[in-house]
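Just follow the structure's listing: the first ligand is 1, and inside any ligand the first atom is 1. Residues: numbered from 1 along the sequence shown.
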Amino acid sequence: MDKTIQNIAVLTSGGDAPGMNAALRSVVRTCAHYKINCFGVYRGYQGLIEGDIKPLSARSVNNIINKGGTKLKSARSQEFRTKEGRVKAYENLKKHSIDALVVIGGDGSFTGGMIFEKEFGVPVVGIPGTIDNDIFGTSHTIGYDTALNTVVDAIDKIRDTAISHNRLFFVEVMGRDAGHIALNVGIGAGAEEILIPEENLGLDRLLESLKRSKKSGKSSSIVIVAEGDKIGKNVFELAEYIEENLPSYEVRVSVLGHIQRGGTPSCFDRVLASRMGLKAVESLMDGVSGHMIGIQNGEMILTPLDKAIKGKSKINRELIRVSDIMTL
Ligand code: F6P
């Protein structure tokens, strides 16, 4: 391992995710281990542009491994999309003699990091932190496991009231354009139907399926709707449509929203984040640049950032079959 890197900056960007703090802690402590100076950039790329950069010691990340959100705060910077913004950001890195950057975030954050690396030659390594699990090159992103548990817990509670009132609930979950959260929580919480963008179920099939489940004796039901679903109606329109076409159902809608992004990270996310943070620093020390750290079959792997951004994180089709059979 070649330690030519003296100063590393780390930032969190895009939607926060539980476990980002554990990743930050890992980057900071790995730097301390190798006697590299570590700098925290606050508010993502926007903080880089505004020079909101502070040194982080090993002790500065005490007691954050168990905390949701991000101590560094996060932002979606419009200014960083401009060349002028990125020039300001580069000037600030130079001011602190920063040689390399660790970006903890999703595909938007990696796109920014990749452009920055190409323009200014600053080595960038990405750590996937998003609840959506929509990044190619890793089976799990940091925050995804925690979000699944948060959502399942919320749906279990909805089920209690659904059963008590013999109601049908449409529950909208996050995931941007991906259905990973919806598919997994749908199985985990025993939903009747799961609507995901990767698989257009169609309104007719949904109607048929709900009719069938009523006939089979079910008095309450839960349908999970991924926010990016492409059935052509939003969750409220969907509920209206079902009430009009199946008047025997009393329908309610629950949009879980940002509670899915908060809360104490699961043990899985803490361990994943700790491994990824360490691997990110050691990769930079090895001369790696323009890559993302991922996990595949339990092992840490590297994927070029452009592949991580452009590649598709495919849903597991076996899960669709499991769901179909479980909801008979
Ligand atoms: O990418 C994480 C995520 O929570 C998505 O699931 C969701 O579509 C989006 O961010 C919401 O973003 P914002 O916090 O800007 O409303």
Salt bridge (Lys or Arg N to Asp or Glu O under 4.0 Å), paired with Glu199, selected from Arg205, Lys314, Arg317:
Arg317
What is the minimum heavy-atom distance between Val10 and Leu24, and which atoms define it?
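Smallest interatomic distance, heavy atoms only, reads CG1-CD1, 3.6 Å.
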Going only through I, L, V, M, F, W and Y residues with side-chain contacts under 4.5 Å, is there a path from Ile8 to Leu72?
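Yes, Ile8 connects to Leu72 through the hydrophobic network.
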Linking I/L/V/M/F/W/Y whenever any side-chain heavy atoms sit under 4.5 Å apart, do Leu93 and Val87 land together?
yes
Please produce the table of protein N or O atoms sitting under 3.5 Å from N or O atoms belonging to ligand 1, one pair a line, distance to 0.1 Å.
unit_1: ligand 1; atom_1: 1 (O); unit_2: Asp132; atom_2: OD2; d: 2.7
unit_1: ligand 1; atom_1: 1 (O); unit_2: Arg176; atom_2: NH2; d: 3.3
unit_1: ligand 1; atom_1: 4 (O); unit_2: Arg261; atom_2: NH1; d: 2.8
unit_1: ligand 1; atom_1: 6 (O); unit_2: Asp132; atom_2: OD1; d: 2.7
unit_1: ligand 1; atom_1: 6 (O); unit_2: Gly175; atom_2: N; d: 3.2
unit_1: ligand 1; atom_1: 6 (O); unit_2: Glu227; atom_2: OE2; d: 3.2
unit_1: ligand 1; atom_1: 8 (O); unit_2: Glu227; atom_2: OE1; d: 3.4
unit_1: ligand 1; atom_1: 8 (O); unit_2: Glu227; atom_2: OE2; d: 2.6
unit_1: ligand 1; atom_1: 10 (O); unit_2: Arg76; atom_2: NH2; d: 3.3
unit_1: ligand 1; atom_1: 10 (O); unit_2: Arg261; atom_2: NH1; d: 3.0
unit_1: ligand 1; atom_1: 12 (O); unit_2: Arg76; atom_2: NH2; d: 2.9
unit_1: ligand 1; atom_1: 14 (O); unit_2: His258; atom_2: NE2; d: 3.0
unit_1: ligand 1; atom_1: 14 (O); unit_2: Arg261; atom_2: NH1; d: 2.9
unit_1: ligand 1; atom_1: 14 (O); unit_2: Arg261; atom_2: NH2; d: 2.9
unit_1: ligand 1; atom_1: 15 (O); unit_2: Arg76; atom_2: NE; d: 3.3
unit_1: ligand 1; atom_1: 15 (O); unit_2: Arg76; atom_2: NH2; d: 3.2
unit_1: ligand 1; atom_1: 16 (O); unit_2: His258; atom_2: NE2; d: 3.2

Are Lys307 and Phe136 in a cation-pi contact, defined as NZ or CZ under 6.0 Å from the six-membered ring centre and within 45° of the axis?
no
Passes salt bridge (charged side-chain N to carboxylate O under 4.0 Å, His left out), Glu84 versus Arg86? Steps please.
CA-CA 5 Å; Glu84 300 77 57; Arg86 294 193 295 273; over 6 Å; no
